[in-house]
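In what follows, a single structure is set out as structure tokens and then discussed.
These numbers come from the heavy atoms of this one structure, side chains and all, not from hydrogens, waters or symmetry mates. Since the structure is predicted, the reported quantities are computational estimates derived from the model, not experimental observations. Numbers here simply count residues along the sequence, with the first being 1.
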Amino acid sequence: MAQNFLIAWRSILALMLREMSTRYSRSPGGYMWAFLEPVAAILALAIGFSLIIQTPPMGTSFLLFYATGFIVLNMFTTLAHVLMWALTFSKPLLHYPVVSWLDALLARFFLNTLTGIFVGGVILGGIILLEKTHAKIDMLPILTATGVVLLLGAGVGVLNCALQGVFKTWNVVWSISTKPLFLASAIFYRVEDLPRDVQGILLWNPLTHLVGLMRTGFYAHYSPHYISVEYVVLCALFALALGLALLSCARD
């Protein structure tokens, strides 16, 4: 049992190192793009809305407000996308008996989780250090939101991987269907500021709950009533269980 566990972790580590060397070494700048893409998006939001409104919806920093929303969305979409292609990326190695399809999924999950946490921490920490945000950090909701969004990204990503194996155009469907998430996840507004019927629609989106939860860790007086961690966890576990069941059936 212990030997099988050790073999599995060696396979996962080897797959992680392989992806690091192939995915990031092919483009100039390598890992810098993992920082530059979210930073560019956050800056564009902050500059654009600062020209329209005088103060952000909460606090005094446009950068902090938009970063606390965008980083949650970015973690989710990145995991959901890279896990969709995990088996395709590692397909040549799956012919070896020591490498399983679960190893390929776990390798991509661990690598992109570590990257996402590091990038998000550096960006948020840099904003707090460079700007007078007056933020009072509460780590519990920040860690909770981070953990649950990773679980949600993993669940949806595994389900995407299974569906991509069945429907070859699923990646196109997924790409189109997730475009509205930028508008529907409370990235650049507060849910409470919208009409009640619109709020009811937005709260079907699990990311809306996680963005609100993340912001409670940076804004001491912000405590939205609508957050339901249980709802998001149930959505994540349902997607994960369904995806694993489909993949297991397909691989048997």
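Checking side-chain atoms of Y222 against main-chain N and O of G212 turns up no donor-acceptor pair under 3.5 Å. When atom types are taken as modelled, the side chain of T178 and the backbone of S175 share a donor-acceptor pair closer than 3.5 angstrom. Checked by atom type and distance alone, the side chain of Q164 pairs as donor or acceptor with a backbone atom of N171 at under 3.5 Å.
The two residues A80 and V156 come nearest to each other via the heavy atoms CB-CG1, 4.1 Å. I142 and T146 make their closest contact through O-OG1, 2.8 Å (heavy atoms, listed as atom of the first residue, atom of the second, distance). Of all heavy-atom pairs between G217 and P141, the closest is CA-CG, 3.6 Å. Across P224 and I227, no two heavy atoms sit closer than the pair CG-CD1, 3.5 Å. When all heavy atoms are compared, the tightest approach of A186 to V191 is CB-CG2, 3.8 Å. The two residues P38 and V119 have their closest heavy-atom pair at CG-CG1, 3.9 Å.
With rounding to the nearest 0.5 angstrom, the CG atom of L13 is 10.0 Å from the CZ atom of R10. Expressed to the nearest 0.5 Å, how far CG of L87 lies from CG of L94 amounts to 6.0 Å. The distance from atom CE of M214 to atom CG of L124, rounded to the nearest 0.5 Å, is 7.0 Å. To the nearest 0.5 Å, the span separating CH2 on W204 from SG on C235 amounts to 9.0 Å. For the atom pair CD of E192 and NE2 of H225, the computed distance is 7.0 Å after rounding to the nearest 0.5 Å. Here the OH-OG distance, from Y219 to S61, works out to 6.0 Å after rounding to the nearest 0.5 Å.
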Could you walk me through whether S11 and V99 satisfy the side-chain contact (heavy atoms from CB on, under 4.5 Å) test, starting with their C-alpha distance in whole Å, then the side-chain angles of each, then the deciding distance to 0.1 Å, before giving a yes or no? CA-CA 6 Å; S11 299; V99 180; 4.3 Å; yes
Determine, step by step, whether T115 and N112 satisfy the side-chain hydrogen bond (donor to acceptor under 3.5 Å, both in side chains) criterion, reporting the C-alpha distance in whole Å, the side-chain angles of both residues, the deciding distance to 0.1 Å, and the verdict. CA-CA 5 Å; T115 302; N112 288 279; 5.4 Å; no
One pair to check against side-chain contact (heavy atoms from CB on, under 4.5 Å): L93 and R18. What are the steps and the verdict? CA-CA 11 Å; L93 301 178; R18 173 177 177 266; 3.5 Å; yes
Mind running side-chain contact (heavy atoms from CB on, under 4.5 Å) on W85 and R108 for me, showing each step along the way? CA-CA 9 Å; W85 298 106; R108 278 213 150 185; 3.8 Å; yes
Verdict with reasoning, L15 to L111, per side-chain contact (heavy atoms from CB on, under 4.5 Å): CA-CA 9 Å; L15 289 169; L111 176 59; over 6 Å; no
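The side-chain heavy atoms of L207 and V149, taken from C-beta on, include a pair separated by under 4.5 Å. Counting only heavy atoms from C-beta outward, the side chains of L203 and Y231 never approach each other to under 4.5 Å. Counting heavy atoms from C-beta outward, L194 and Y189 have side chains that approach closer than 4.5 Å. Using a 4.5 Å cut-off on side-chain heavy atoms (C-beta onward), L247 and L105 make contact. With a 4.5 Å cut-off on side-chain heavy atoms, L150 and I117 count as touching. Inter-residue side-chain proximity for V148 and L213 is flagged as unmet; no heavy-atom pair is nearer than 4.5 Å. The side-chain heavy atoms of I12 and F109, taken from C-beta on, include no pair separated by under 4.5 Å. Taking 4.5 Å as the limit, every side-chain heavy atom of T113 sits out of range of all side-chain heavy atoms of F110.
When hydrophobic clusters are built by joining Ile, Leu, Val, Met, Phe, Trp and Tyr residues whose side-chain heavy atoms come closer than 4.5 Å, directly or via intermediates, Y96 is grouped together with L106. Hydrophobic cluster membership differs between L234 and F238, with clusters built from Ile, Leu, Val, Met, Phe, Trp and Tyr side chains linked at under 4.5 angstrom. No single ILVMFWY cluster, assembled from side-chain heavy atoms under 4.5 Å apart, contains both L130 and I47. Cluster annotation: L129 and V122 are assigned to distinct hydrophobic clusters (Ile/Leu/Val/Met/Phe/Trp/Tyr, side-chain heavy-atom contacts under 4.5 Å, transitive). Cluster annotation: M139 and F218 are assigned to the same hydrophobic cluster (Ile/Leu/Val/Met/Phe/Trp/Tyr, side-chain heavy-atom contacts under 4.5 Å, transitive).
Cluster partners of L140, using a side-chain heavy-atom cutoff of under 4.5 Å among ILVMFWY residues and allowing indirect links: none.
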Which atom pairs, one a donor and one an acceptor, fall under 3.5 Å between side chains of residues 62-76 and the rest of the protein, sequence neighbours left out?
{"from": "T68", "atom 1": "OG1", "to": "L64", "atom 2": "O", "distance (Å)": "3.1"}
{"from": "T68", "atom 1": "OG1", "to": "F65", "atom 2": "O", "distance (Å)": "2.7"}
{"from": "T68", "atom 1": "OG1", "to": "R215", "atom 2": "NE", "distance (Å)": "3.1"}

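Using a 3.5 Å distance cut-off with no hydrogens or angles, the side chains of N205 and S185 do pair a donor with an acceptor.
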